[in-house]
Structures are given as structure tokens and as C-alpha cells.
Amino acid sequence: MRRVYLDNSATTPVDPRVVEAMMPYLFERFGNPSSVHFYGQEARSAVDRARREVAALVGARAGEVVFLSGGTEANNLAIRGVCEQQRERGRHIITTAIEHSSVRAICDALERRGWEVTRLPVYEDGIVRLEDVRAALRDDTVLVSVMLANNEIGTIQPVADIGALVRERRAAGQKHLWLHTDAVQAIGRMRTDVEELGCDLMSMSAHKLYAPKGAGALYVRRGTRLAPQNVGGHQERERRGGTEAVPLLVAFGEAARLARLELDERIEHLRHLRDRFEAGVADSVSDIVFNGDRVRRLPNISNISFRYIEGEGLLINLDMQGVAVSTGSACSSGSLEPSPVIRALGRDDELARGSIRFSLGRDTTDEEVAYVLEALPRAVENLRRLSPLYQKAQAERACAPV
Amino acid sequence: MRRVYLDNSATTPVDPRVVEAMMPYLFERFGNPSSVHFYGQEARSAVDRARREVAALVGARAGEVVFLSGGTEANNLAIRGVCEQQRERGRHIITTAIEHSSVRAICDALERRGWEVTRLPVYEDGIVRLEDVRAALRDDTVLVSVMLANNEIGTIQPVADIGALVRERRAAGQKHLWLHTDAVQAIGRMRTDVEELGCDLMSMSAHKLYAPKGAGALYVRRGTRLAPQNVGGHQERERRGGTEAVPLLVAFGEAARLARLELDERIEHLRHLRDRFEAGVADSVSDIVFNGDRVRRLPNISNISFRYIEGEGLLINLDMQGVAVSTGSACSSGSLEPSPVIRALGRDDELARGSIRFSLGRDTTDEEVAYVLEALPRAVENLRRLSPLYQKAQAERACAPV
Amino acid sequence: MPYSELFKDHLANPRNAGELADADAVAEQSNPVCGDRLKLSLRIRGGRVEAARFLAYGCPPTLACGSALAEMLGGLTVEEARQITRAEIVGALGGLPSRKQHAAALAVETLREALKNQRH
Amino acid sequence: MPYSELFKDHLANPRNAGELADADAVAEQSNPVCGDRLKLSLRIRGGRVEAARFLAYGCPPTLACGSALAEMLGGLTVEEARQITRAEIVGALGGLPSRKQHAAALAVETLREALKNQRH
Ligand SMILES: Cc1ncc(COP(=O)(O)O)c(C=O)c1O
Ligand SMILES: Cc1ncc(COP(=O)(O)O)c(C=O)c1O
């Protein structure tokens, strides 16, 4: 069957150039970086090189990059690490209603253990307001965690403005206030610079960047102290124990290097295809709503709510035509909740349940988009024919005075 | 330069068959197991298959295997997971003086947070005594953590006996007592069966088993409850959040399958070479002490203390002849401590500092052992010529009445 | 796939989708927890279900259960129809994950309601 | 390598290892923290170090510092020898990790002690 992968925000295929860079570290260069001998030192310098590349992608110093197993671990280390370290200074965290489930889960866990959590709203555009952050800040706030780009609708949050605000507060004496941003979806898809953002901590994940699953990183600004979570061994300057996943880190480094060099062309390619896709959908499918600000968003995500039908059915119908997409509930299968992100935009339950994320990648072609533009109206039509909501609306339309 | 790798207890090269099994999951089968569509389900079933293979290696059920990023994370989840879960029942842990640095670090961290830790001694043979465990058990003991095979001297601990003891105590009413064993060095090098051992938790790591670094697993016996450490997402039945490292898990599964099928032949090969090696060293180098019980130990490790010289110098001298080995301090470079494991055998500081671990692998050949048997006496001689301790001993011997 | 091939076939090619203009028994039920809806219309002649049509909104199991139920009903006596169980519907789909069983419950409930509403 | 090539060469091919039978100045010092030992013996003629030999036990930096020091000493005046610094020894090895600087300190200390013990 013809297959088109439009779920690049869930994970990406590995770039062959990345695999090539990684291969020697599976075979002859297999040493443990903690070993003093030749094999160990060879592995050590490969990890150092990868660290410089990841740092370079986000404008950080190599010593500020802590390698981890993925984005979820990065969020855990950042949020729990700061909160445990600062527990004597304050127990208030500010975050948003549209964070990734990992950030949500960590904040929920801290809340159960006595921290207070303020979850800022977003508005119809899917963007947090600086004034809301300002109003939520308290003297005992130790952490603000606001994602850089949302994983479901792609909206870009005003992290740089929040960074300026946090610095202002710090200059005014609130020394123990830190800013974390989850940039898992952002890196490689938009310019991301820790100095411009003014963040103290930033989460990254390799598998959204055309590198294999199993590697991630946390940027930790010099001077930011964290309680380590995974301990044992002296790796990562005592900030994360465990033998480094050398081949994965080499892959991550190479993927970061390629993303840095090719960023502009990737963005242009993605935006061009995404815009074509959205124009095509608007032309061929009725009763849809585009979710999230149309401008301040990642170039690769298009999130659309289809009235009268439900996302998972549409997903499966598309899958049966070879098209891979996701819905807001894909990450939390088992729950019957409509997507909390789409709900946060103020949409009703039906629109929240009928939302689909199409996420393009560097490998997506014009031709693939054209294929999806054929498959999608068919799938929507299929489901609407079954839908009592649609039938009722049609009947009402037919009866309505012109 | 000719290179011989005798540091297989630090890490192993990846088996080409394992790489082959993994490759498709870097390329066409790159889906995220949480995705509902074809790509996701393909990845999901690969992870399930890998889980069954890892379970089969240790006689567990697939549902009892939690995939993680490595052995260190497995130890963290096991020990902190049980202790946090059971905090209301008791705060006493029993462990040993010869655990891996990750277990040591976690126990130290818990101690700082109010847990009591009993660290059992070993004797000259490097083995913990069942009676010592029995004597240390208290009504508020919630966890016994004893490694299955030591990473430095290879000695095998009486975990099955301890398992029987723990079950006895549990049958007698101490319901909240759990047994963890760190089997990172053991799997693939000795028969390892969770039923025979009677353990509730068991740590494993892929990179000691000819699979890549970055994957590990914790066996969690059905009914054993843990406070999860890395949260977010519904992966691993809520016991560990984060996108699964699919290619690494596939590799781990294949490595487990091969280890299960080839176990006897690997053990025989290793034991044969190790015994030849030790006989050769005994013949060609004076003033040495073999560390650890000669029988109850892994087939691949030989740990030898060389009098009058220090381990790292010997390591570097061997490295300059292309031979890769390690010393007890390799894992904790930066500290000037003599190996705590060798010290725990009752050896003096000089012997503890002069210890070297030679660890063989399935790729090690007869010829490589012969090469090392030439290089080693040269390296020892080199350093002893410089050693004031050796010169003094020689002078004393010369003067001593015959 | 978490869903069987049989299941997916019901989704791709629903059996008896729609409404009957000359229905003798109609019911529309919804699951108050998740908002899923199922509408069933039956033509009943001589104590037998001559035709069955369904409309459904909600997660795929609800759609598939509606389709499977409508297919099963054709030709049954009213008495037989009354005795259809959740397990039979689930079986007709080649199984359902345990957390999706509620979809079959909704189907059975809608069927019972329709039969109760039968015009005599 | 955490160590430079120069460093490793000192380890593989130590300069002036051993003891002088006809030494004029001898000292053996040890680092009380880690137990490293350095023994230095010098032949001093006409206010110049004519020959220097060392023995060392301990971590590689101690061995290498001993070797580098013994090599540097040959031909220096006693006054020049007295002024040798830690930094010079570290420099002669192409650098040392900061946590290994103590090895150079032991070397300088042993040298000063030897010069103090000089037979006149
Ligand atoms: C915004 C965001 N944060 C965090 C994560 C978690 O990263 P990982 O999959 O590497 O654990 C994801 C991806 O799933 C994400 O989209
Ligand atoms: C006995 C033992 N436990 C735990 C570990 C840690 O495993 P990993 O290197 O996968 O973090 C090791 C290896 O370093 C080990 O030898």
C-alpha cells in the first residue's frame, strides 16, 4: 500500500546521514566513555563532539548540555530538579494549560506533594499571555515552565518575553526564580537560541530531529542548580548517572549539526507544503476549523477540527488509505477525554474530539500532500455519512429558509 | 596498533546480528509505539517482541519487564521506587559493601533523606553471608538489595538463599519486604532465573550483553508496587514515561535471545580462556594476588592485585601496548580512593590500588590472551623498576637470611 | 493495530449505514460519559427484523458496534433480537480492548430501546 | 586520552629511573592523602646537578612528574633547581588535569627536601 507519513511531530524517521555517523560507534568504537583506555577516550571525545553540536544548535555552551534518554526525562529533570533544589525557597510553579503530558504529569505529581501549581490559560489563538504570567508571579514562585512550541497545534509561545520578565524579577531581588521551556517540538523547526529566549533550562529530544529514539538533552544555564534525579556514576558532571548512550548521542549531535545547517531550507520547505495542504483542505472539505494562530506557529503542523465526526475514526480511515496522522488523544489512549489543548482554545467538545494533527517532515513531498488531499475528503465523507450529528445538520440546513 | 579489548565488564561491542535486527527500526519502521496508525503499531509489536525476549532470558513474564535507559536507571527505579512507595511501612534498607556505584549512590541519597542503610560486609572471598542478612533484617526493613554478580571481581552472591529468606519472612507476616538484585553483570554470563532467585526486582543493562548503550530493563514481579520516577505519558504501564527507544529495545531483545540460546557455549568459552589467562599470569608475574572466590564467580572476570605498583599506571602501560583493561577506580575517576570492593575483601591499600580487572568477552580469542600474556609482564616490570616499594622489597629480600 | 482486521473493515465499509424512511422502531442513545451516539432504525414485519440501519458518532468502537449490530439484526425474530448480548457484538468484531467494551453496551442499550419503542 | 602524548611517553619511557649509588642529595616524600611516593637522588658537583634519578609509586601523574623533573634537573645549577615550579613540571608534561596537580606539588616538595638534605 501507498504510505504517507504525516505524523512527524510524534516521531521522525532517522536521516541516513545520521545513521552513517552513528554506525562506527556500534562497531569498532564501542568503548565506555568512563574507561581510561583508548576505547574509552575515543567514545569520550565522540560524546564531547556531540555535546558541542547540540549546544551549537541552540546557542549554548557545551558544558550547559546534559545528555539524557529523551524529552520526557529532560522535563522531569528540569522541573523536579529545580523544585527539589529550591524547596526551601518556595513551592509555587507557573505553567500552562497546553503543556505536553510529561510536563503536566510532573506538575501534577509535585502538586500532590505539596507544591502549588498555577496553570495559565491560552486564548483562541493557542497562545499564553505575558500579562497572565506577570499576574501569576509570586514571591515564592521558583519555576516558570512554558513550552516553546506546542506539540498539537504548533503555536509558538512568547518565551523570550517571559524570559525578559523573569530576568527583571531576578534583578529586582527574586534570585530563586527559574525559567524552563520545553523545546522538544521547536528545535530544528524554528530558530531556537537560549540567549534570545532568556531561559535557564530547555528540554530537547533527538527523535523529533531525525535521530533515533532514546536520546535527549537538557540545557542548564551556567549557575542553575538542579537536584539530580538519576544518580550513580560521575557522568554528565554528576547531573545524570548511567553509561552514556554513545551511538545515540553521536546521532543526536549529527542531527543537530544538520538541523543547524539546513534550518532555513527546512522551514521554507515545510511552510510551503503545509500552506498548500491547508488551502487544499479548505477547498475540498466543508465544516472545518483550523486550530491555533495561523502565523505564530511551527511551519510543519496543521491542526484541523472536522465537525460532526470524531478524530480516531478519521485517523483509522486515513490509516486504511495509508496516511498516518494523529489526534489529540493519541498520546493518552485509554482516556475518553477530548484533547485538552483544543479544549483550552475554547472549542466545544465536538470540535475538540474531531481534531486531527497533520505534521509534515523534511521528507514530505508535494506529491504526498496531493495524495492526502485526495484521501482526506473521502475519509471525512465516509464518516459523515454515518454521523447522526451530520445528518441532523443536513436536515436542518435543507429546511432552513434561504 | 594491535588492540585487545579485555574490558567487557565495562561495556561490550555490539553483535553484528543485533545491529542487523535493529536496522529496520532506524529506517522504514521508525514509528512511535504510542501512535494508533500502522507505523505506531508496527513499532509497538516490535517492543512487545523484545519484551518477551528479555523476559525469556530471565524466566519472567513479559508484563514484568519495564524498559528503561540502562542499568543505572533500573537501580534507581528499583530502590527509590520501592522505598518511596513503602515510606509509611518502614525506612530500613539492607545492601552490601560491594554494590555498583549506582546502588551505592542511591542508598547514600536515601540515607541523607532519612532512611537507614545497613551495608553488609563481604569476606576474603568477596561474598556476602546469608547469616549476616538474617541478622540485619528488622521489622521495618522494606528492601534488601544484593547484587547477583559483582562487577569488579565477578563473585556471585547467594541471592537465591536470600530470596528464600525473604519469602520466609514474608510468609511470617512481614508483607512489605522486597528483594532487589542488580544482575547487570550476570545476565548472559550465568544462568539467571527470577524464580530460582526469588527476587522481586532485577536490574539489567543492554550494553553488557552485546547490544548498544542506552537501554536497560527492570524486572518487577507481579504485585510489586513502585513509585515511578520518570513520569509523563502512559508508556510501560505507567511505570516509566517517555517515548520508547524502539531500535535499542529491539536490539536488546535480539541480544537477549542470542544470549539465551548461546549461554552454555559462551560460559564455556569464557571460562576456558580466563583459566588459561590466569595460569599464564601466575607463571610469568611474581607478587600477585587473585581477588575474589575462584569458584563462585562469573566466567569472564579475572581480578588481580599487583604488589608494589598502582593500577592506573599499569592500565596506561597496557593501553600503550594496545590492551584495554580497567581498575577499581575507573568508574569513579577523580577520586583517589583505592577500590572499595578490593578493600572490602580485607586487602591493604597497596593491594587495593594495584588491582586490575581483566574481563573477557565472547569475541576474545586464544591468540589475544597469548598477546596479553606477553604484554602484561613487560608492563608490570616497567612500573616495578620505578617503584620505591619494589626496590625496597628487593633489597630486603637480598639481605634476608635464606 | 489495536483493532482487528474485521473491526477495521466495518469502519471502512459500514454495513447498513443510514436511516429507514419507513421504520417501525427507532431509538437514539448516547453515552453520557463520552458523548458517543448511536441511532438505530428497524423495519419489523411479521415479528421479524426485515431491515436495520444505524448512524453513529464517536470513537471507532461505537461506529463498528453499530455496523456489526445492524448486520446481525437482519432476518432475526424480535425475540432473537432482544436476546443479543454485548459479547456477541464484540465477538462479531473479532474482539475489543477491555476499555472499549462500553461501545457494545451502548449498542445493546440502543437496540433494547428501539424494540421498546416499536410501533404496533 | 585524558593524558597528553608527552605524558604517556614519560610513562612508557621514564627518564632517569632508579637511584644513584653516589648521590649527594636524597629525599623520599609521600602524599599523606593518597599514599603516592617519590624518591629523588641527585649527584651535585660544582654547584650543578650532574645527574638525577627518581623512583615513584602511585598514580600516573606522580610517575610522569618524577620522570619530567629528573629530566629537567640535569645540568641545572643548584640555584636554578631550587626555583623549579609546579607549573614548569606540568608544562613539561603538556598539561595535567586540575585534579592531578598534586603530583607536581609532590615533585617540587621532594626536590626542595633533597636540596635541603644536600651533603656539603
Ligand atoms: C512538546 C513535547 N515535550 C516532550 C515530549 C517527550 O519527549 P520524548 O518522546 O523524547 O520523551 C514530546 C514528545 O512526545 C513533546 O512533543
Ligand atoms: C553491576 C552493575 N550495575 C549497574 C551498572 C550500570 O549500568 P549502566 O551502565 O547501564 O547504567 C553497571 C555497569 O556500569 C554494573 O556493572
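First the proteins, then the strands, lettered A, B, ... as listed; each starts at 1.
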Q) Roughly how far apart are B/Met320 CE and A/His37 NE2, rounded to 0.5 Å? A) 15.5 Å
Q) Is it true that a side-chain atom of B/Asn32 and a backbone atom of A/Thr11 form a donor plus acceptor pair closer than 3.5 Å? A) no
Q: Return the option, out of B/Ala324, B/Ser102, B/Pro13, with the maximum number of heavy-atom pairs under 4.5 Å with chain A.
A: B/Pro13
Q: Spell out, as yes or no, whether a donor-acceptor pair under 3.5 Å connects the side chain of B/Asn76 to the backbone of A/Asn230.
A: no
Q | Under 4.5 Å from any heavy atom of chain A - which part of B/Thr12 | A | backbone
Q) Can any side-chain N or O of A/Lys213 pair as donor or acceptor with the backbone N or O of B/Phe30 at less than 3.5 Å? A) yes
(Q) If I measure from the heavy atoms of chain A, does B/Arg29 come under 4.5 Å with its side chain, its backbone, both, or neither? (A) neither
Q: Write down the atom of A/Phe38, the atom of B/Asp319, and the distance for their closest heavy-atom approach.
A: N-OD1, 3.0 Å
(Q) For chain A, which candidate among B/Met23, B/Gln229, B/Glu244 shows the most heavy-atom pairs at distances under 4.5 Å? (A) B/Gln229
Q | Side-chain touch A/Phe27/B/Pro16, heavy atoms, less than 4.5 angstrom | A | yes
**Q.** Greater than 12 external heavy atoms within 6.0 Å of A/Glu20's CD
**A.** no
Q: Counting only heavy atoms closer than 4.5 Å, note whether A/Ile106 contacts chain B via side chain, backbone, both or neither.
A: both
Q | Structural part of B/Leu26 lying under 4.5 Å from a heavy atom of chain A | A | both
Q. At a heavy-atom separation under 4.5 Å, does A/Val19 approach chain B through its side chain, its backbone, both, or neither?
A. side chain
Q) Would you call A/Val36 and B/Glu312 a side-chain contact if the rule is heavy atoms closer than 4.5 Å? A) yes
Q | chain A contact via B/Val103 - which portion, at a heavy-atom distance below 4.5 Å | A | neither
Q | From CD (B/Glu73) to CG (A/Leu68), nearest 0.5 Å | A | 10.0 Å
Q) Does A/Ser35 reach the side chain of B/Asp7, with side-chain heavy atoms less than 4.5 Å apart? A) yes
Q: Give the member of B/Asp15, B/Asn75, B/Thr72 that has the highest number of heavy-atom pairs under 4.5 Å with chain A.
A: B/Thr72
Q) Is any side-chain heavy atom of B/His207 less than 4.5 Å from a side-chain heavy atom of A/Thr243? A) yes
Q. What's the shortest heavy-atom distance between B/Ala245 and A/Gly214, and which atoms?
A. CB-CA, 3.6 Å
**Q.** Under 4.5 Å from a heavy atom of chain A, the part of B/Tyr5 involved
**A.** both
